[in-house]
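Written below as structure tokens is the structure these notes are about.
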Amino acid sequence: MLRRMFQLRRLFAVCAGIFLAMAFISTVGAQEEPFDAAAAVEDLTAGLDQAWLMIAAFLVFFMQLGFAMVESGFVRSKNTTNILMKNVLDACIGGLAFFAIGFPLAYGLSGAESNKLFGDGNFFLDGFSDYATWLFQFAFAATAATIVSGAMAERTKFSAYLIYTFFISALIYPIVVHWAWDGNGWLSAFAEDPIGTNGYIDFAGSGVVHMVGGFAGLVGAIMVGPRIGKFTGGKINVIPGHSIALGTLGMFVLWVGWYGFNPGSTLALSGGFAALAAKVAVTTTLAACAGGVTATLVSKARSGVYDMGLTINGILGGLVGITAPCATVEPWAAIVIGAVASAVVMAGIELLDRIHVDDPVGAVSVHAFAGLWGVLSVGLFSSQNGIGTAYAETDQYGLLVGGGVEQLGIQALGAGAIILWTVATSAILFGGIKLIMGLRVDEQEELMGLDIGEHGMPAYSFGDVLGLESPGSAPGAVPAARLAGASHPAGPAQ
Amino acid sequence: MLRRMFQLRRLFAVCAGIFLAMAFISTVGAQEEPFDAAAAVEDLTAGLDQAWLMIAAFLVFFMQLGFAMVESGFVRSKNTTNILMKNVLDACIGGLAFFAIGFPLAYGLSGAESNKLFGDGNFFLDGFSDYATWLFQFAFAATAATIVSGAMAERTKFSAYLIYTFFISALIYPIVVHWAWDGNGWLSAFAEDPIGTNGYIDFAGSGVVHMVGGFAGLVGAIMVGPRIGKFTGGKINVIPGHSIALGTLGMFVLWVGWYGFNPGSTLALSGGFAALAAKVAVTTTLAACAGGVTATLVSKARSGVYDMGLTINGILGGLVGITAPCATVEPWAAIVIGAVASAVVMAGIELLDRIHVDDPVGAVSVHAFAGLWGVLSVGLFSSQNGIGTAYAETDQYGLLVGGGVEQLGIQALGAGAIILWTVATSAILFGGIKLIMGLRVDEQEELMGLDIGEHGMPAYSFGDVLGLESPGSAPGAVPAARLAGASHPAGPAQ
Amino acid sequence: MLRRMFQLRRLFAVCAGIFLAMAFISTVGAQEEPFDAAAAVEDLTAGLDQAWLMIAAFLVFFMQLGFAMVESGFVRSKNTTNILMKNVLDACIGGLAFFAIGFPLAYGLSGAESNKLFGDGNFFLDGFSDYATWLFQFAFAATAATIVSGAMAERTKFSAYLIYTFFISALIYPIVVHWAWDGNGWLSAFAEDPIGTNGYIDFAGSGVVHMVGGFAGLVGAIMVGPRIGKFTGGKINVIPGHSIALGTLGMFVLWVGWYGFNPGSTLALSGGFAALAAKVAVTTTLAACAGGVTATLVSKARSGVYDMGLTINGILGGLVGITAPCATVEPWAAIVIGAVASAVVMAGIELLDRIHVDDPVGAVSVHAFAGLWGVLSVGLFSSQNGIGTAYAETDQYGLLVGGGVEQLGIQALGAGAIILWTVATSAILFGGIKLIMGLRVDEQEELMGLDIGEHGMPAYSFGDVLGLESPGSAPGAVPAARLAGASHPAGPAQ
Amino acid sequence: MKKIEAVIREEQLPLVRKALEDVGYPGITISQVRGHGRQKGVTQTWRGREFTVDLLNKAKLELIVGDADAQRIAQTIAENARTGAVGDGKIWISNIETIIRVRTGETGDVAI
Amino acid sequence: MKKIEAVIREEQLPLVRKALEDVGYPGITISQVRGHGRQKGVTQTWRGREFTVDLLNKAKLELIVGDADAQRIAQTIAENARTGAVGDGKIWISNIETIIRVRTGETGDVAI
Amino acid sequence: MKKIEAVIREEQLPLVRKALEDVGYPGITISQVRGHGRQKGVTQTWRGREFTVDLLNKAKLELIVGDADAQRIAQTIAENARTGAVGDGKIWISNIETIIRVRTGETGDVAI
Ligand SMILES: Nc1ncnc2c1ncn2[C@@H]1O[C@H](COP(=O)(O)OP(=O)(O)O)[C@@H](O)[C@H]1O
Ligand SMILES: Nc1ncnc2c1ncn2[C@@H]1O[C@H](COP(=O)(O)OP(=O)(O)O)[C@@H](O)[C@H]1O
Ligand SMILES: Nc1ncnc2c1ncn2[C@@H]1O[C@H](COP(=O)(O)OP(=O)(O)O)[C@@H](O)[C@H]1O
């Protein structure tokens with residue numbers, strides 16, 4: 001309810017802000033005019049709310065670093081530059097695509113309205129001046145895009161990846177945003193006449209963001225096939241990552257960034273939203289803690305060691321799981337949701353291995369599977385009070401806390417719609433790329449590592465002196481091969 | 001004075017916020033009602049103050065990454081996964097423990113009151129809804145817990161550490177918080193009738209947080225004993241860390257996080273606290289700078305090189321030192337305090353080596369010793385104006401700036417109480433663990449590194465191709481040993 | 001216009017804040033007094049605006065980490081400790097210097113006024129209590145200082161660098177700040193009677209910060225000479241950095257920090273500034289994205305690989321370029337400015353190589369050249385509306401959007417003045433240092449790496465066990481040489 | 001006893017090791033080295049400028065084997081390390097006078 | 001002159017080096033290698049799945065010594081590297097024809 | 001055929017490699033090692049405390065060369081690796097019985 005009203009107020013506040021800036025300029029000259037409390041409060045409110053949105057956006061953008069570090073830590077050192085550069089280009093291409101097409105398809109208004117399926121206005125931000133909103137939404141879009149790189153790591157062509165990342169930011173993700181979060185979306189809890197009683201509730205996007213990224217990654221991982229050596233004759237092999245330090249660094253950065261992701265999704269502080277944001281920060285924290293503890297204990301029980309890789313995945317699973325229900329569940333439920341999310345992640349990793357889908361960093365388990373759990377958990381654990389504060393006074397809330405089954409049904413419907421759309425469009429996209437240009441680097445390049453093949457440089461070089469003598473290529477020098485052997489397949493003996 | 005009043009206002013503001021959210025919903029429908037300036041201002045005030053607390057909490061939580069990176073950079077690569085995972089579990093277990101028991105013991109109210117020694121209500125946050133406060137306090141608790149891992153690094157059993165970290169977050173730290181910061185605490189400057197004139201002044205916790213972590217670490221380091229090879233026959237050997245890059249990364253993250261730790265401890269921005277927070281940020285900055293410059297120059301003078309490890313420790317020492325007095329001293333005094341703190345750290349490192357206490361990362365010197373200095377420096381340097389603004393109009397302030405000796409005495413009393421409590425409880429805790437399950441990994445594991453022994457994985461793997469061929473353990477495969485030799489002590493020759 | 005007014009208001013607001021804090025204390029006692037809306041709003045305004053300044057300062061300070069990581073990633077591992085420590089000492093020495101002398105020369109007021117050329121009051125912050133402003137300005141000063149370390153990396157004496165870093169923070173940078181940003185500066189857009197119609201427009205400091213750092217770096221790189229082996233007999237050799245992971249980490253941290261740098265330069269949120277800050281965040285984002293995409297595509301076209309090093313430099317170039325015009329151009333122009341900045345960076349790297357200036361990390365191209373482009377682009381792309389909102393209603397704006405050539409001329413004048421001052425003072429400074437103590441380490445030390453020579457420790461040590469046995473130097477042990485060979489130049493045969 | 005030393009492409013190592021397992025061998029010691037023979041290096045790119053790296057990573061294998069096995073094992077390595085392109089590497093064999101098994105102190109052929 | 005090559009457990013290195021210092025030796029060159037003999041590898045765990053690492057880190061020592069010292073030094077190494085469990089390593093000795101001290105250009109026994 | 005093994009200062013490597021190119025050589029394999037001979041280590045400092053690192057990084061060169069070339073190439077290395085201070089390193093030469101070029105399977109002098 002709060003949020004529904006808020007959408008209208010936002011535009012108003014921004015306009016008021018601009019107006020006030022003007023007013024302010026004139027009043028400063030004539031300092032002694034009577035004090036207009038309403039105008040001043042309006043200005044402060046706009047300032048406070050936009051600041052919150054911006055700071056949250058900065059934190060969410062910071063998650064780009066987190067993803068880059070977790071993913072690079074979990075792959076081999078010979079593919080480190082590659083995965084880092086994919087993460088960087090996600091943000092860069094995503095930013096331009098979301099500016100031109102993505103945001104308009106999500107929230108754009110032509111004339112005064114869009115339709116239930118997609119936005120259709122404000123292309124290139126034409127006629128749109130609520131910049132804080134764009135920034136916040138851009139940071140979310142970049143998150144959805146970056147998830148996929150992990151699932152397809154260590155064998156996907158860079159050019160193919162660039163095309164994919166454009167389309168997820170420009171099309172696949174924005175449409176889901178429109179459905180679920182725009183005031184006109186068919187699933188939206190903010191619609192005039194929402195589906196069911198409350199509409200589909202996904203406060204910060206377990207479904208809208210993480211399931212989209214996760215399921216697109218699943219499709220990608222299947223279509224590009226497993227890495228060489230991962231599955232050999234029915235045997236599941238292990239290909240360890242190269243740096244737990246980078247993985248841990250990334251996890252902590254993601255955790256911090258999530259404090260922008262979830263609490264920031266109140267979109268405002270005024271009107272009592274600050275208290276809601278604080279509650280969201282607490283449920284987010286508890287779910288992450290529970291996810292980490294669960295993974296640690298389960299891994300110890302299962303394999304006898306305290307497994308750091310699983311603990312990192314478990315914490316991230318807890319965070320993904322709580323993203324949808326963070327505003328509507330009580331703290332104790334956040335702990336349950338986080339713990340179950342962590343178990344879902346571990347089961348997912350096991351399952352994908354069994355069905356021979358190769359997800360080097362666990363992105364599908366963390367984002368698709370724990371995301372799905374998060375969406376459903378809204379229908380299981382949301383308290384009446386929780387939904388009442390964040391959305392609307394209602395008698396439809398969590399099944400396990402006595403609120404009936406309707407909300408769970410709507411959550412399942414929403415999740416199903418997101419999966420269908422994401423899987424279908426991703427399959428077409430990756431299928432098309434595979435047909436036209438190929439998804440995968442050649443075998444020799446994969447063995448040598450993509451860093452050399454795609455980027456011309458290994459990520460690390462610790463033996464300084466031994467490398468010092470390398471001469472720069474003087475013009476006219478004999479052209480040397482990029483790959484030590486690939487370009488001379490059985491070349492002439494010398 | 002400001003702070004004392006503030007405690008009451010906080011609860012009021014939060015309730016007002018919730019009330020306002022309701023009010024807001026109804027007024028939005030009838031947009032044209034007369035503007036209620038007082039209500040709107042109350043809402044904005046709550047929004048602004050809670051935002052400050054949340055953002056500060058995010059920054060303080062970010063320090064978890066800083067500790068993880070400094071500590072891992074300062075240990076050997078074979079113990080990197082271990083120290084990272086200890087830092088991660090500190091946060092996770094600490095979060096759950098602080099939710100269930102820790103916060104209630106620190107600030108909990110049963111009925112309307114707690115006693116002078118411990119809080120006793122709001123277990124599992126029952127009946128508590130000031131979530132921003134919990135979040136901020138949780139981040140502090142996590143900091144206190146994480147300090148110990150560094151002092152006991154490279155030889156402590158993981159399971160033993162988990163038990164310890166539960167108890168510091170659930171019991172040891174919260175009690176000190178109650179004493180010093182709760183309105184009912186016997187040391188508290190916020191008590192109705194504080195000890196002495198002003199009570200014990202520890203603005204952001206040089207004593208409450210850092211001394212608790214540091215002295216617990218000291219007890220732990222003594223009880224677990226030095227690492228193999230650190231002291232051999234009276235000789236002090238050197239065991240360098242494995243990455244100055246991680247160490248520097250961690251230090252900068254801690255510095256940034258400290259901007260949440262110290263300025264955030266105003267707990268609010270309204271009511272003139274913003275100006276106080278800004279002053280705190282400046283004294284914090286200057287102390288860190290002075291700490292860094294001092295360590296650099298002293299190390300150059302002593303050993304002829306610009307010693308990066310000491311500079312990192314020196315900056316952290318400066319930050320720990322200024323944490324208690326940051327609000328009540330003038331900028332020039334911050335520089336003095338930071339410089340002396342840095343010297344204290346260097347002397348502490350020397351001292352611990354001499355008495356054969358092995359603290360691999362300098363945690364005891366930085367947190368216990370510089371923390372003690374910080375607590376005392378409040379009684380030496382606090383200006384009358386400084387104490388007046390942040391606490392109460394008083395004629396008891398810093399000895400060296402003419403304010404008499406009383407405050408110094410109270411600071412010493414507070415520090416003594418904290419040391420006594422921490423050392424006693426830690427000794428019982430570590431003693432009990434040692435007796436029941438042992439504190440220390442076995443010698444073979446310590447030599448091979450805890451990463452392999454406790455976590456089943458080295459932290460790094462840079463030689464990709466050479467590792468590629470490792471087959472996964474097919475079910476029924478011959479079980480291989482975890483440690484290359486440990487499990488076959490003089491096993492049968494084959 | 002907004003900003004010009006703002007300068008006056010700032011002081012007023014701070015005083016009001018302090019006054020209010022007092023007022024508040026008394027009113028709390030007598031809770032039922034009539035509500036003074038004007039006073040409460042004033043208090044909140046001060047709180048909101050100071051919080052913005054502080055948070056922005058924290059983010060800008062965070063950039064110190066970004067610089068440290070990018071620079072260390074781009075040098076060889078044998079010089080990693082050295083570049084990290086230079087970055088750390090930049091901040092520490094810079095903080096003390098800026099406290100004592102730098103800020104006073106930039107903004108200090110003796111009596112009520114300074115002159116057009118330099119500030120002259122508030123030394124050691126005497127009589128100055130707007131701490132948030134100092135903090136924000138300090139973070140900027142630290143940025144300017146840290147740029148130089150990259151350009152002179154891998155061969156500059158540590159002691160020489162310390163002297164330089166003191167002077168840039170205490171003198172070279174503050175004077176430029178006074179010229180361009182102080183209300184009395186001769187170039188300043190905030191002057192009563194600015195040069196030309198609008199004065200020199202440099203919203204967040206493409207010129208004031210980045211050109212100063214960049215051109216000082218250029219002078220330094222020339223005077224210290226190229227690294228051994230970089231240019232051999234007219235041939236341009238390549239000396240790759242040691243870690244793309246650190247480089248990427250640093251780039252993302254800088255990007256996040258830039259959200260403090262540019263949006264924070266509104267200096268306030270109230271009075272409609274929040275909307276401006278949000279717009280600035282958007283232009284900043286788009287320029288970075290465009291810079292990254294441009295570098296990726298150009299590098300692919302030129303050398304056939306997706307070049308991660310250039311992409312990092314390209315993004316940073318986009319950020320530096322948009323720093324001056326971020327508030328006054330439209331989003332589409334931000335994309336153009338970012339893309340061109342990226343091209344400027346790539347051309348700059350090529351150019352410096354050709355003229356045999358050795359800039360190991362690309363600091364000169366990114367900061368000096370893209371900074372210059374940014375300053376000029378204000379005169380090319382600023383929209384009338386953009387300048388009107390951020391500065392003053394005017395008919396002088398961007399040449400390419402129909403606003404005449406005057407602003408471009410003033411921008412060129414400003415850039416010229418900054419270059420002249422920076423190059424002249426840097427040349428004197430580095431020249432003096434070279435004469436008196438030498439700028440450069442000796443050849444043997446450069447070959448062995450500065451980490452060993454200056455800091456007595458390599459940055460990394462991955463082979464734990466092999467290093468374990470190193471005994472500590474027992475007192476009276478035979479003194480061993482610091483450098484394996486240097487100290488025995490043709491020493492006596494044994 | 002003989003010592004076989006082989007310098008081969010890193011990426012051929014899995015194949016070679018599998019083949020060795022099939023024919024049987026007493027033990028192996030492997031290290032990372034860099035080198036070049038006829039192979040003229042590869043081109044890399046650093047911030048826009050191409051350069052030639054003329055020392056390439058290789059894997060070096062050392063195996064102490066009985067006199068009788070030397071030729072056969074060397075052939076196995078050669079065949080499985082071969083791609084046919086320059087850079088495939090070298091194998092050389094030299095004589096060993098004594099060998100000691102550390103665990104037992106045994107020497108001679110039984111200690112291999 | 002003889003060349004002693006020893007592949008031993010990394011964690012025995014400090015002990016071996018101390019013992020060598022006690023008996024005296026002219027110089028040593030050490031490198032990190034990986035290998036396996038009878039030892040069948042260790043189990044590691046990566047994100048929930050166990051696997052066997054069958055190439056273990058070892059330290060390789062090379063010492064050029066006079067003919068007379070070879071046996072004694074090899075014995076010293078063997079005794080101090082021994083733990084009695086599989087994986088203790090191997091030591092082998094081969095013949096060296098010429099040795100040059102780079103600093104002086106001296107050759108022969110005096111250059112060892 | 002002979003195997004030349006040289007342990008030299010890392011920082012002399014560029015010079016040595018240039019000199020080798022001038023006199024000609026069939027191929028080279030290089031690895032990073034640590035060692036000490038007469039050189040007594042260097043002092044480093046870790047958080048305020050000095051200590052002696054007595055194993056210094058060195059570069060190890062291996063070259064398989066024809067019998068005729070061995071002496072000349074060893075001399076070239078020695079001359080260019082020399083600084084005159086302790087720590088310059090050692091060069092030793094031993095005999096090789098067989099050599100195989102992996103790419104072609106050729107053996108003997110033609111395979112060097
Ligand atoms: N004469 C040699 N001495 C030492 N190592 C050699 C020699 N020749 C080749 N190598 C090693 O073998 C590797 C492959 O040699 P190369 O000559 O490129 O292969 P090919 O035999 O196919 O010509 C080199 O990188 C080097 O490490
Ligand atoms: N025949 C061999 N050739 C080369 N290296 C060997 C050989 N046998 C053993 N090694 C090296 O010695 C190490 C220990 O060997 P292992 O067989 O496990 O010990 P043990 O002698 O106790 O059976 C191996 O890791 C390997 O590096
Ligand atoms: N007897 C030896 N056996 C093996 N390696 C040696 C021997 N003597 C020297 N070395 C290697 O040569 C390097 C330089 O030796 P050192 O004795 O310091 O030089 P110098 O010949 O000038 O006295 C050492 O670091 C070590 O790696």
Side-chain angles (χ1 to χ4, degrees), chain B residues 1-2 5 9 37-38 41 44-45 48 52 55 59 76-78 229 235-240 242-245 248-249 251-253 255-256 259 263 269-275 277-279 281-282 285-286 288-290 292-293 296 303 305-309 311 315 331-332 335 389 449 460, chain C residues 14 17-18 20-22 24-25 28 35 37 40-41 43-44 46-48 50-51 53-55 57-58 61-62 64-65 68-69 72 80-81 84-85 88-89 91-93 95-96 99 124-125 129 131-132 134-135 138 158 246 454-457 459-462 464-465 467-468 470-472 474:
Chain B
M1 177 65 156
L2 276 179
M5 287 303 143
R9 273 178 43 85
V41 163
L44 284 180
T45 304
L48 183 62
W52 183 241
I55 291 167
L59 284 169
R76 286 165 291 177
S77 60
K78 67 180 173 185
K235 228 176 57 186
I236 303 164
N237 297 318
V238 174
I239 303 178
H242 86 282
S243 173
I244 290 287
T248 307
L249 166 54
M251 183 278 294
F252 270 127
V253 168
W255 187 333
V256 170
Y259 287 131
L269 290 171
S270 66
F273 277 113
K279 180 191 156 183
V282 171
T285 302
L286 291 174
C289 293
V293 171
T296 302
S303 55
V305 293
Y306 300 97
D307 189 321
M308 184 60 164
T311 300
I315 290 171
W332 68 264
I335 293 176
T389 305
Y460 300 103
Chain C
V14 169
I18 291 164
L20 267 164
M22 300 296 136
F24 176 75
I25 291 166
V28 162
F35 174 70
V41 164
D43 174 50
L44 283 179
L48 183 63
Q50 289 190 54
L53 215 48
M54 280 191 274
I55 291 167
F58 304 162
F61 183 78
F62 193 33
Q64 293 293 313
L65 172 61
M69 295 293 114
S72 63
T80 300
T81 301
L84 289 169
M85 192 155 178
V88 170
L89 268 289
C92 292
I93 293 184
L96 300 180
F99 167 72
F124 297 87
L125 290 199
S129 63
Y131 291 113
W134 184 86
L135 190 76
F138 150 68
F158 197 74
L246 289 184
E454 298 269 30
H455 310 285
M457 267 304 289
Y460 300 102
S461 134
F462 284 109
D464 292 315
V465 183
L468 183 69
S470 312

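All values below were derived from every heavy atom in this structure, side-chain atoms included, with hydrogens, water molecules and symmetry-related copies excluded. Letters A, B, ... are given to chains in the order of the sequence lines, protein chains preceding strands, and every chain is numbered from 1.
- Between B/Cys289 and B/Trp255, the closest side-chain pair of non-hydrogen atoms falls below 4.5 Å.
- Between C/Leu44 and B/Val41 there is a side-chain heavy-atom pair separated by less than 4.5 Å.
- Both the backbone and the side chain of C/Met85 come within contact range of chain B, with heavy atoms under 4.5 Å apart.
- When heavy atoms are compared at a cutoff of 4.5 Å, B/Ser243 approaches chain C by way of both its backbone and its side chain.
- Of the listed residues C/Leu96, C/Leu125, C/Leu246, C/Leu48, the one with more heavy-atom pairs under 4.5 angstrom with chain B than any other is C/Leu96.
- Only the side chain of C/Leu89 comes within contact range of chain B, judged by heavy atoms closer than 4.5 Å.
- With a threshold of 4.5 angstrom between heavy atoms, B/Tyr460 approaches chain C through side-chain atoms but not through N, CA, C or O.
- Side-chain N or O atoms of C/His455 include one that pairs as donor or acceptor with a backbone N or O of B/Tyr306 at under 3.5 Å.
- For B/Leu286, the parts lying near chain C are the backbone and the side chain together; criterion is any non-hydrogen pair under 4.5 Å.
- Heavy-atom pairs under 4.5 Å with chain C peak, among B/Thr311, B/Asp307, B/Leu269, B/Leu249, at B/Leu249.
- The two residues B/Ile315 and C/Cys92 come nearest to each other via the heavy atoms CD1-SG, 3.7 Å.
- No donor-acceptor pair closer than 3.5 Å links the side chain of C/Asp43 to the backbone N or O of B/Ser270.
- Rounding to the nearest 0.5 angstrom, the gap separating the CE atom in B/Met308 from the CG atom in C/Leu84 is 5.0 Å.
- The ring pair (Phe, Tyr, Trp, His ring centres under 6.0 Å) check on C/Phe99 picks up C/Phe124, with sequence neighbours excluded.
- If you measure heavy-atom distances from B/Ala288 to chain C, the contacts under 4.5 Å come from the backbone alone.
- Using a 4.5 Å cut-off between heavy atoms, C/Ala459 touches chain B through backbone and side chain atoms alike.
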